[in-house]
Amino acid sequence: MDLSKFLCWVVLLLGISLVESKYMVYNTSHTIVPGKLNVHVVPHSHDDVGWLKTVDQYYVGSNNSIQVACVQNVLDSLVPALLADKNRKFIYVEQAFFQRWWNEQSETIKRIVKDLIHSGQLELINGGMCMHDEAAPHYIDMIDQTTLGHRFIIREFNVTPRIGWQIDPFGHSAVQAYLLGAEVGFDSVFFGRIDYQDREKRKKEKSLEVIWRGSKSLGSSSQIFAGAFPKNYEPPPGGFYYEINDDSPVVQDDPDLFDYNVQERVNAFVSAALDQANITRTDHIMFTMGTDFRYQYAHSWFRQMDKLIHYVNLDGRVNAFYSTPSIYTDAKHAANEAWPLKTEDYFPYADRINAYWTGYFTSRPALKRYVRVMSAYYLAARQLEFFKGRSEKGPTTDSLADALAIAQHHDAVSGTSKQHVADDYAKRLAIGYVEAESVVATSLAHLTKADPALNPTFQQCLLLNISYCPSSEINLSDGKSLIILAYNPLGWKRVDIVRLPVVGGDVAVHDSEGHEIESQLVPFTDEYMALRNYHVEAYLGQSPTQVPKYWLVFSVTVPPLGFTTYTISTAKKTGGYASKSYVSRLQKGEQSKFDVGHGHLKLSFSTDQGTEINYVNSRTSMTEPVKQTYSYYSAYNATNDKEPPTPQNSGAYVFRPNGTFPIKPEGQVPVTVIRGPLVDEVHQQINPWISQINRVYKGKEHVEVEFIVGNIPIDDGIGKEVVTQISSSLKSNKTFYTDSSGRDYIKRIRDYRSDWKLEVNQPVAGNYYPINHGIYLQDSKKEFSVMVDRAFGGSSIVDGQVELMLHRRLLLDDSRGVAENLNETVCVQDKCTGLTIQGKYYYRIDPYGEGAKWRRTFGQEIYSPLLLAFAEQDDGKPMSFGAASFSGIDPSYSLPENVALLTLQELDDGNVLLRLAHLYEVGEDKELSGVTSVELKKLFPRKKIGKVTEMSLSANQERSAMEKKRLVWKVEGEGSYGEEKKAKRGREIDPRKLEMELYPMEIRTVLIHLELPSSHSRINRFDA
Ligand SMILES: [Zn+2]
């Protein structure tokens, strides 16, 4: 090229750039255009409250070698990005992160953010502390964690979230739809994960969006518009990811620069929109613009979306604009369409063939149990905090509330986080517990009128699960007695059994009036000693100093929301005694038959290993052969498979069995039978790493089964998923019933889905469901119910049989992101062994139609055990405590049998939050499924109830205001909402009568203003 030509080129280029390159104003002001395909562009970031990193690591952006994620960056960069263009919008979901950020902001930023929220540019949706899992959490935890977030939002911003945004949880619970959806006042709920077969059918039928009626009892009065996304919660296909390190093509609209691609990007956008429109009703579709931990530099996304909106609208084939799920929901509603009806739930979830996400129903069973124990403790601790009066300076139950809320996240209690993150959740719970424990101790000292001069303190025994309780293992021979206080968090009087490790057998138990009560000493067996010694050292770093010889077992009677006290002292001091148990051991091969049981319930064991039992209840005339067995599924190892798209192992999420192996009783271990006046026990060693105990208590008609599973051997290189099967003769005809998040029961039919014709590819894993409360079978004569102490996966794979997955130890990852094998261990110094799980399930057989009563009442007892506290009393010294018993409610009153108290809490503004729940579904029980009524005055004796305000479930708005705003939807084939027979609900509370009516499955939430300072209803003098 000669010089003149070259200069010519230069001039030409400069000329173009001088003329063409200029500041561009993108028109982002579009809104809905009727008659056009409207593309709602919804910017969002999915920020897991712990998963691969801990919640704090995600927030501050540390530990980035695991995952480059910093939520602080998201929120920091969002503010200027939204300020730069008032048409831009964003939704923020996880309050655990938002609150961390909010607390650190200047007043100026806070003011700006408030303006952004009030203008609708920034919308807080879902609004709980986390996006809770829907399989493993108990509904009370779901309510609590949502309440915590919602009350913060109303306090700081005076807004109520309108939308449920459960985009990532692995299947969806009916309770989520009606309770954590409609009853908190949401207008819609959106989610990303439904079964791949279901999704395909719904795409064809344009039924991804439905009216979801999750409760049989509450029906249309508690329904919600629900949208499953066409694929996932990410941007549509075609390359629309704009994080700074994403490789999607950006919109290059500067004609001076190379690779100008506006038309190509517009075509991709329009094509994705038209595809989605083909599977969606109405002319509104949603593009979820974001995914995990995106918008860390928010401007990089908004810059591209500004351009897309601008050029797509110039193109004119579709109408694109910044939107939110609220705007989208309103548009769907305004379309006045009749929507398909969806009932029940979206479990189980498979994302493709052979990939059922039913393993996580059991993953990390110790964490699941810990969460459940803390949940119950939090409920009880808040009651005691209320009875004493909340302390301004602390300690409070707030940090336990926060830890529990975070633990409900869909990678926390689900068991699908990395190990160090699971440890972080447990650490938070432990810290929260310690503070709540001191709230409880202070409250008990107050309620027992403890003499401060004597400085008495109530100790508690969190480690009773590993048979460790220093408070009860004291030596009573040197002039001490042990006072045991049993607090009952239930609204009914309760007769229950207390079991404590004690070091000596020379003891007697007296009630608070000085009468000796029946007690029994059960010998402390080897399996407990091993479990105790190892775990005390692992947990506390030192071996226990005492060696308990016995469990002291006695029966206690405790008033509703109250306590009674018992005294344990040496027998010779009082002349009483605890009965020793009668112990017999059967050797292997010894054929024998033996019976255990008291009163109505008898179990007859009939083989040498005692796995076959005849269950006889003489009161109900129920006789049933029951067989208890254990098996394991060997975890599928797909390392050498070539199946597309990636080979599928069994892992933290996915349950993929590769054959089932019955575990035969083996070894020389005998069956031990222990009998006594209060409890009979049959101890069985199933194999070297599984043992179980069947217990029958005096006065109870269920069987308690305690199991110890672990350490699961893996020296054969195979992961194992251990299950127990409880078999009966019931002709259950492929049908079983499992609870939804601990509340409603849903009918399940093996190898069947009511929403589509199921292609069965995993006959075991595809029939697993989450069990939080229980599972039952029935035939024309009997009901066979099994209740659980934590969330497990379970099923009925064979008619008449209930199966529970108790533990999993896996050696491979299932390729869903966690990238770690679920191989939990417990270490003492440097030696680690596979995690051992100890737990309980309970079973009972009732005549057909009569099982609900036990499931509901006893289910509450399992969830809310007695809270035990211990104090020492020196003989001959004045009694440290002035009151031996207490009832927080009117002593003549107890809650109706079909009502549970879910929340009694003094809020930081002094108001009392009260939640009561009807425990029965319509038709579940002949008597107890009826309307019932609670006398609020009796719940607050000697206090004047000033004002009672009925609230939404999450207590962030008045119920009446919520009902007024509720969108009315049409359902296909049903005519309008109003015409259908609506479920009955309790009448408005009359401020004079102060009675709360409850209809089946209704939960009512009220804020109560109490006018007089607290005083306590009834305190008995300590006479012991
Ligand atoms: Zn997630």
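We count ligands from 1, going down the list as the structure has it; atoms in each ligand are counted the same way. Because only heavy atoms are used, hydrogens play no part in the values below, and waters and symmetry mates are left out as well, while side chains stay in. No experiment lies behind these values; they were computed from the predicted model shown.
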Problem set entry | Parallel, tilted or perpendicular, as decided by the 30° and 60° cut-offs, for the rings of Trp301 and Tyr242 | perpendicular

For this session: Please determine if Asp56 and Arg100 form a salt bridge, counting it only when a charged side-chain N lies under 4.0 Å from a carboxylate O.
Result: yes

Exercise. Got more than 12 heavy atoms from elsewhere within 6.0 Å of NZ, Lys206?
Worked result: yes

Seminar exercise, completed: Note: OD2(Asp168)-the Zn ion (ligand 1)-NE2(His46) angle, rounded to 10 degrees, equals 100°

Exercise. Any sub-3.5 Å donor-acceptor pair from Asn103's side-chain atoms to Gln99's backbone N or O?
Worked result: yes

Exercise. Has His410 got an N, O or S atom lying less than 2.8 Å from the Zn ion (ligand 1)?
Worked result: yes

For this session: Could you tell me which N, O or S atom of Asp48 is nearest to the Zn ion (ligand 1)?
Result: OD1

